[in-house]
A.B. asks: 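Below is a structure I'd like to ask you about.
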Amino acid sequence: MALANRPPEASFFSIQLIERGLLSTSLLHLSLLETQSFAWRPRIVSLQESKTYPGPFLVAEVSPGTEDYLSIVVSPLLRIHNDTKFPMELRFQRPQHKEIDYASVRLEAGDTIDDSMTAFSAINLSGGRKKTLNSLSVGNFLLSFRPEVTDVLTNFENPSACWSDDLRGGKPVRLSGIFDKLTYQVRKAFSFQPIKYSLSTAHCAIVSEDGRVANIHFLVESIGKDVPIIYPDNFGYARVDKNSPVALQEQKEIFLLPTVRFTNFLEMEIHVKLNDTGLPSTNSVDCICNEATIHSGSAVNLYANPAAIYFTVTLTSFGTSCKPINSSDSASRLQKHKTKVQFLDIELDFDNGKYFALLRLSRGLRGILEAAVFTSYTLENNTEFSLFCFPANHKLVSRHSGENITSLVSPELGSYLPPRSIKSWLSKCHKVHITLLDERASKAPLNLDVLSGLTGLNLEVEGEYGSKTVTKLGVSLKPSASKVVPLQVVSMYPRYVILNESDEIITVRQCFVEEDGTDTVVTLNSKQRTALTLRSRNEITTMKRNPFLENFLKKHAKSHNDSSFFVQFQPNKANFSWSGPVCIASLGRFFLKFKKSSDSVQQSDLATQHNSDICEFATVHVVEDGPTIVLRFCWPANIDLPYRIENHLENTSITYYQKGLPEPEVLASGSSAGYVWDDLRLDHKLVVQIDAVHLQREINLDKVREWKPFYRIKQQRGLGFHLPLEKKPEDPKKNWFRQLTGMEINKLGYEVYAEGLTRVLRICEFSDRRRGDTSFHSCTKMQLRISCFAIQLLERAKQDVVDKDKSNALIYNPIILARLNRIDFDAVFAEKHKLNHLRVQSLSVEPKWVGAPFASMLRRHQIENIDTNDRVLRVGLVLAASSSSVKHVQHLSIVLQPLDFNLDEETLMRIVPFWRTSLRDTNTPSQKYYIDHFEIHPVKVVASFLPGESYANHSSTQETLRSLLHSVIKIPPVKNMTVELNGILVTHALVTSRELSIKCAQHYSWYAMRAVYIAKGSPLLPPAFASIFDDLASSSLDVFFDPSTGHLNLPGLTIGTFKLIRKCIDGKEFSGTKRYFGDLGKTFKSAGSNILFAAVTEISDSVLKGAEASGLNGMVNGFHQGILKLAMEPTLLGSAFMEGGPDRKIGLDRSPGVDELYIEGYLQAMLDTLYKQEYLRVRVIDNQVILKNLPPSSSLIEEIVERVKGFLVSKTLLKGDTSSAARPLRHMRGEREWRVVPTVLTLCEHLFVSFAIRMLRKQASKAVGKMNWKQKVEGDDEKAIVPASGQKLEFVWKWGIGNFVLSGILAYVDGRLCRYISNPIARRIVSGFLLSFLERNDE
């Protein structure tokens, strides 16, 4: 209610009661500017006779709401609610005239009566009844009641009910038994003053015609508070004087309630019986209104004696009952609890404990005893298959006959789940096995206690011909709709579902499987959906891979890889081919192409027909729907195609096809056509040929680029391009292309640009408007430095703190404080690029509320050897100039260092009220981006989580989140757990900002759920996807490496980890999505980079030594010797592939004795500091030093060994010159002593080896000369005339490359041969003979 700019009288409001236009109360004017609560008693005025009568007391409350508004509540002084199932007759009496004056009122079930109604009703009465009703307004009355019972409710003939005892108020009657031990929440009916409430019982006797008597018990709850009474002036204005004494009047609400409310949460019918003895009833007297048959999900009100209640539950489906449960015994078990508990769970054993259910006793909002029978888990089958679930500690019952399972199975043996059914899990074992009703079907284990959110199961059935039929299930965990019991529903859905959204009938089949007579084709009508049953295969048709590295990375792949399952679609219309394969586990929108068969389209008409005449396009939108992946097929395509090809050449057509699939399509001059890939598994490269000159080129359609020459003159020499197509007769219109000069051919080119979400390939001639401006342009630089940026969240203080403050000001307490320190932002705005770099030195989020269990909520993880100057967050963004509405992002990189994340549930609940939904219209078009390179480096988090408890003041949003944490995700207490969130690398993506945000959220939510499963020690995983970026990007990489290491630093080589992994996986042909689990960066460092390190260091050491000795020739020889070493010692690479290299042992001349640990520790620290080898270890045992896992480099091994020996000599553990120990670590040439006999023997060996090599070389030269002379004579007549300059250039070029390649091959072969020659002299002869072929003959 707005009060600004209003006259003073606008700050008042009036209250008046009116009945039927005949009677009304006097007006009361109240101020809106004051917070107040009071009662007053107006007079009732007759609008016709101008008479006044005593009126009821009314209570008014004016208070500020939680938002910017006022709350005005007008209520009566007395209200009575009938919350039972019986119509009630209420009897009011005055204490002084109990036997004479009384008034009765009938109150229907669920109805309410108040004193204002009785005051208006008393006007037409007289005598004692009128006085009795008027006494309700002042609280001077006695209340009794009796229910109206029938034969159906009591099973008595002509029953009659007696009045209950009078309710006098005063001191509340304390309830005994289970009622006294369980707490309950009181509905806050009154807001200001302290609430007084009492709970008592009353019973009414039911008498039958034959004299049998039974009692029905009720709960009576009374809630009241004292309110001050004011007396308005003659004009109806209420002036409240806070300093004058006031009279108080009690405002009261009375509820007539049942004693027990029993709810059945089992998925079966039960029969419940309550009595106060626990013995079987003989005359049904003690079971009146205390016995009922309850269907699943229903509840009944029962009227048992609260002092002693025995519960007996019977499962009507199985005819078994539990033993009577005495609530008094349960209450005695709670005596040891010093405080009252909210609920009590009791096990109900059936059939001598073979299976069980739970009975939860709690108190409702008004004190009713809530009894609910439930099981911890309920199994739901939402598939079209019949499933059987059985405990892991029991054997599977025989399945050779379906009747054995489909008939009623005892719950101890398992549960049969027909399609679209739900059953309660009554077994105590929560480790279950799930299988199909097939003797050959496998069983899938599922631990219900460690299930979090979603997971997947595979059920396999062996086929007759060795194949397997795989039924994939998605499993979800969700809490029940009721918040009374912790019931969790485990739902099983088909993992893959195909939905035909088109108006035509389609056929779907699984591809890349061998035919074995099994029907793999599914036909779907319009708007029909069906679950997909898959067939596994032994060999998977995949793209070309690097087998060496793929086998090495196999341990990072998923055990159940759904990326190998593909399906194809075909419309049932005639003459349409099958579409290309679609991966069922790749999320996104994919486009399909249907080609008309060759019978309907002649080959000669391909050049003249438009693309739309021979092809039709459809879309398959693969989306997640809970645990199910739905393939939504739509034909024709309802959105723009992803590619369009435009031919802007004159008088010539172009032919194009996807690389690897020579199925050409022809596009005439001046035409354009939409395009989608024939096979989504192959590289996204299009082979385009200009028909007139037979020039062809591979074009990456995903990569947006400016105009580029289609063909270059220098590529023409020695290289020919011929399209493997059927030769066609020449068109006279194209003859002019035959006379084009080289410069004119060079003007033919292409460009790829983005138009909306479509990539357009334009084949055209060069134009000056596309020429780039190469002149220098000035640029603008901007630097922003922020020392500290902080955000603080505050919450309103509690009411008791506000009451203590005398200023009446709003008081807020801090919740969390987020702080960013040293924010550096640099930007450079050039003519065609905008470069942005954001760096944050440190970030922290600290809880500030009193009693927070963690000092820090989020901060950088403290690790050894941390660089304090390194930034915790780096964001690099490079934008390119773009004239279209699609923004061009050349590079976007986000790097976040490892973090400590400590969260407790109470802090989370305090933050929840700040959550707000976005006010942005979801139909607003999102900004489109083309991104050349987008990467979010992996995030490493050391997490801790502390669960909390539920509180009565939690809002619905807070309770929903808490239910999600404890009932669905079930996060356990976690302390310092390492969570690895894989990084994302996406190239050549055309995407909207909304799509990119959603896909990144899907990516990180999957790894967060995976971390929860790992924290529980569960073998389960959330159901995975093959990719989420394949529909909008050229390639994507999904890996983890430790972000704190940043890059792999190799000697002489520094390369980004993302880039290195990408190049090592597939090299240039990297396309599609690759997903690897685990720390792949560590694996590359320990193995892959060791291989590279070994090869680089061995070859580079040899090259450097050769260059030092003989210059350029020495470098070439050193390269040969380096490759020779790799071939001679293949164990070098093998040891590099494992953790580290070979071992070395150094024998000591004397034992170190007690200094053994000192020597070992000193050597380990020295080598770690100098060489920083991760796996290098030192052990000192007795009289020897063992160096383990040395680096894979012989020169580096020698250095390390010399360094260790020098230290040992200095400690007199080895004999040697202590002065020489301080010399450089490299081997010193010429320091060995000269001896005569060894020198003579070595000289003779050299002479013999040289003579043998020359003789072998001479004989080989003769044989090669004869072969060359014969080929020369035969080829003289066929020689072509080649210009001398061209011949010389070609010869030099071929000789240089060929000699380099040949030298490497011969050196490697030389090493491989020499491995198997044990005699060193023979090995030298063979090696020298092979390497002699590399010497250039001057002749």
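As the structure is a computational prediction, the values presented were derived from the model and not from experiment. Quick note: numbers below take in every heavy atom, side chains included, and nothing from hydrogens, waters or symmetry partners.
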A.B. asks: Quickly, which of L964, V968, V485 forms a side chain to side chain contact (heavy atoms under 4.5 Å, CB included) with P479? Name it, please.
C.D. replies: V968
A.B. asks: Would you compute the distance between atom CG of L965 and atom OG of S452 and round it to the nearest 0.5 angstrom?
C.D. replies: 11.0 Å
A.B. asks: With rounding to the nearest 0.5 Å, note down the distance linking CZ in R360 to CG in L487.
C.D. replies: 10.5 Å
A.B. asks: I'd like to check the salt bridge (charged side-chain N to carboxylate O under 4.0 Å, His left out) partners of E905; sequence neighbours left out, ordered by chain and number.
C.D. replies: R962
A.B. asks: How far does CG of D276 sit from CG of N305, to the nearest 0.5 angstrom?
C.D. replies: 5.5 Å
A.B. asks: When the ring planes of F86 and Y303 are compared, do they come out parallel, tilted or perpendicular, using 30° and 60° as the limits?
C.D. replies: tilted
A.B. asks: So which heavy atom on R420 is nearest to which on N382, and how close?
C.D. replies: NH1-O, 2.7 Å
A.B. asks: Please find the pair of heavy atoms, one from P76 and one from V59, that lie closest to each other, and give the distance.
C.D. replies: O-CG2, 4.3 Å
A.B. asks: Taking the side chain as every heavy atom from C-beta outward, state whether I113 and I80 have any atom pair closer than 4.5 Å.
C.D. replies: yes
A.B. asks: Quick one: does C162's side chain get under 4.5 Å of C204's, heavy atoms only?
C.D. replies: no
A.B. asks: Determine the minimum heavy-atom distance between N290 and A304, stating which atoms define it.
C.D. replies: OD1-N, 3.0 Å
A.B. asks: Do the non-hydrogen side-chain atoms of L369 and I309 ever get within less than 4.5 Å of each other?
C.D. replies: yes
A.B. asks: Could you pull out the closest heavy-atom pair between P391 and C429, with the gap in Å?
C.D. replies: CB-CB, 4.0 Å
A.B. asks: Contact between L477 and K970 at the side-chain level, heavy atoms closer than 4.5 Å - yes or no?
C.D. replies: yes
A.B. asks: Below 4.5 Å, heavy atoms only, C-beta onward: do V207 and S160 meet side chain to side chain?
C.D. replies: yes
A.B. asks: Within a strict 4.5 Å, meaning less than it, do heavy atoms of the L266 and L315 side chains meet?
C.D. replies: yes
A.B. asks: Within a radius of less than 6.0 Å around CG of N393, do more than 12 heavy atoms belonging to other residues, nucleotides or ligands occur?
C.D. replies: yes
A.B. asks: List the residues meeting salt bridge (charged side-chain N to carboxylate O under 4.0 Å, His left out) with E347, not counting sequence neighbours, and say none if there are none.
C.D. replies: K428
A.B. asks: To the nearest 0.5 Å, tell me how far I206 CD1 sits from I216 CD1.
C.D. replies: 4.0 Å
A.B. asks: Can you name the ring pair (Phe, Tyr, Trp, His ring centres under 6.0 Å) partners of F374, sequence neighbours left out?
C.D. replies: none
A.B. asks: Just do the salt bridge (charged side-chain N to carboxylate O under 4.0 Å, His left out) check on R363 and E221 with the steps written out, would you?
C.D. replies: CA-CA 13 Å; R363 298 287 295 278; E221 184 186 35; over 6 Å; no
A.B. asks: What heavy-atom pair brings T259 and P306 nearest, and what distance separates the two atoms?
C.D. replies: CG2-CG, 3.8 Å
A.B. asks: Working to the nearest 0.5 Å, report the span between CG of D114 and CG of L78.
C.D. replies: 7.5 Å
A.B. asks: Between D449 and Y377, does any side-chain donor sit less than 3.5 Å from a side-chain acceptor?
C.D. replies: yes
A.B. asks: Compare all side-chain heavy atoms of F218 with those of D83 and state whether any distance is below 4.5 angstrom.
C.D. replies: no
A.B. asks: Test of understanding: with salt bridge (charged side-chain N to carboxylate O under 4.0 Å, His left out), list the residues that count as partners of E412, not counting sequence neighbours.
C.D. replies: K354
A.B. asks: What I'd like to find out is whether the side chain of I434 reaches to under 4.5 Å of the side chain of V475, using heavy atoms alone.
C.D. replies: no
A.B. asks: Taking only residues two or more places apart in sequence, or in another chain, which ones meet H433 in a side chain to side chain contact (heavy atoms under 4.5 Å, CB included)?
C.D. replies: F390, A392, K443, P445
A.B. asks: Which distance, rounded to the nearest 0.5 Å, do you find between the OG of S75 and the CD of E61?
C.D. replies: 6.0 Å
A.B. asks: Among residues two or more places apart or on two chains, list those pairs meeting salt bridge (Lys or Arg N to Asp or Glu O under 4.0 Å) that have a residue in residues 256-266.
C.D. replies: none
A.B. asks: Write down the atom of L107, the atom of H81, and the distance for their closest heavy-atom approach.
C.D. replies: CD2-C, 4.4 Å
